[in-house]
Amino acid sequence: MIDLEIIRDARKRISSHILSTPLVHSPSLSHVCGTTVGLKLEHHQTTGSFKLRGATNAILQLTEADRARGVIAVSTGNHGRALSYAARAVGSRATICMSRLVPENKVSEIRHLGADVRIIGGSQDEAQQEVDRLVANGLVMVPPFDHPDIVAGQGTIGLEIVEAVPNVATVIVGLSGGGLAAGVAAAVKGMRPCAKVVGVTMERGAAMKASLDAGKPVQVEEFPSLADALGGGIGLDNKLTFPMCRALLDDVVLLTDSEIAAGIRHAYEQEREIVEGAGAVGIAALLARKVAGLRGPVVLVLSGRNIDIELHRRVINGVKNPLGEMV
Ligand SMILES: *Cc1c(COP(=O)(O)O)cnc(C)c1O
């Protein structure tokens, strides 16, 4: 397990390479919830998501020889962008394998950073097979969540949250592979054991939720969603994020696409923030009143903003999701 000390070490390593993002009060959500709600504006992080924290922590610990070989990862888009950025900063080169479900705007940002982009299959699991093939040829894998350096890097958000809101009672984070949730929960509970940490994900394709219910990592079918960054499984051979989420998460909340769309709209209209679907799930969970026994002060992590801007426009105006359903 990753603990507070490891996360503090990660912060020392990455602090000059990443932004410490602002944490602001949300009058509108505080009104909705009847308690203080703060927003951790992590979507303002360089590359547009928190994934730069973990990717930077991993890249900075590679040997010169490993950097020279080049790094490779499977990604739903944001880890690929972060890893490409971090690799370029140290003179290494990234290869990013993605499924066809990854939105074109994310793919093109990764290309712009000079990465070798490969689109393979209709799920993250199929893209992972290409990663395995290229790792056998000598590239160095930097996985998107199930790795100690990634979890420790994402956990640095938790340190910043407790420093900004020392009496925080509930922290709400997006949940997919569990790197964000595991790292943040380890940091928050390491500093403030009485605080609760809640993971939020989408109803369809919630691999971590299904795995927690089953007591072991299981595979679920992957579907298109407004929260595309929450797609993909947790890996049947998951070593770190599954046991950490099982030990540390107090609750997991599931959302429909129309609830997520309402979160994106609220972020834009009330908070004046552009967030992608995965970045809006905390807001959406509060608006849908799906966090049981909510205690304040509450802090939500707005985790990313890399939404196709045309899709954002359509969500604001009320639109169909990728499955053709009105949201
Ligand atoms: C990756 C990602 C998540 C989920 O993080 P995990 O570590 O996979 O659970 C949430 N929000 C955004 C914007 C992401 O890119």
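For ligands, and for the atoms within them, numbers begin at 1 and follow the listed sequence. Keep in mind that this is a model prediction, so the values were computed, not measured.
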Under 4.0 Å from a heavy atom of L230: which atoms of ligand 1 are those, numbered in the order shown and with their elements?
3 (C), 4 (C), 10 (C)

Between E273 and R305, is the closest basic N to carboxylate O distance under 4.0 Å?
no

For S303, the atoms of ligand 1 under 4.0 Å from one of its heavy atoms are 10 (C), 11 (N), 12 (C), 13 (C)

Looking at ligand 1, does any of its N/O atoms fall within less than 3.5 Å of an N/O of G178?
yes

So do the side chains of N306 and N78 get within less than 4.5 Å of each other, counting heavy atoms only?
yes

I need the atoms of ligand 1 closer than 4.0 Å to a non-hydrogen atom of A229, numbered in the order shown.
1 (C), 2 (C), 12 (C), 14 (C), 15 (O)

Counting only nitrogen or oxygen atoms and a 3.5 angstrom limit, does S176 reach ligand 1?
yes

L175 versus ligand 1: do any nitrogen or oxygen atoms come within less than 3.5 Å of each other?
no

Mind checking whether P144 has an N or O less than 3.5 Å away from an N or O of ligand 1?
no

Check T241 against ligand 1 and report side chain, backbone, both or neither, counting heavy atoms closer than 4.0 Å.
neither

Find all atoms of ligand 1 within a distance of less than 4.0 Å from any non-hydrogen atom belonging to N78, and give their numbers and elements.
13 (C), 14 (C), 15 (O)

Show me which atoms of ligand 1 lie under 4.0 Å from any heavy atom of G304.
13 (C)

Could you state the interatomic distance from CG (N137) to CD1 (I72), rounded to the nearest 0.5 Å?
9.0 Å

Considering only heavy atoms of A278, which atoms of ligand 1 have at least one such atom less than 4.0 Å away?
11 (N), 12 (C), 13 (C)

Pair K106 + E276, salt bridge at N-O below 4.0 Å
yes

Between the side chains of E163 and R11, is the shortest nitrogen-to-carboxylate-oxygen separation below 4.0 Å, so that they form an ion pair?
yes

Between R8 and E5, is there a salt bridge with N-O shorter than 4.0 Å?
no

Distance in Å, L302 CG paired with I274 CD1, rounded so as to fall on 0.5 Å steps:
12.5 Å

Checking contacts here: is it the side chain or the backbone of K51 that comes within 4.0 Å of ligand 1, counting heavy atoms only? Could be both or neither.
side chain

Taking K209 first and then D213, would you say they form a salt bridge - that is, a charged N and a carboxylate O separated by under 4.0 Å?
yes

Of the choices A280, S75, G177, which has the non-hydrogen atom that lies closest to atom 8 (O) of ligand 1?
G177

Shortest heavy-atom approach to atom 7 (O) of ligand 1 - which of G179, G48, G199:
G179

Atom 5 (O) of ligand 1: which protein heavy atom is closest, and how many Å away?
F50 CZ, 3.4 Å

Salt bridge or not for R118 and E130, using N-O below 4.0 Å?
yes

Side chains of I172 and L286: closer than 4.5 Å at any heavy-atom pair?
yes

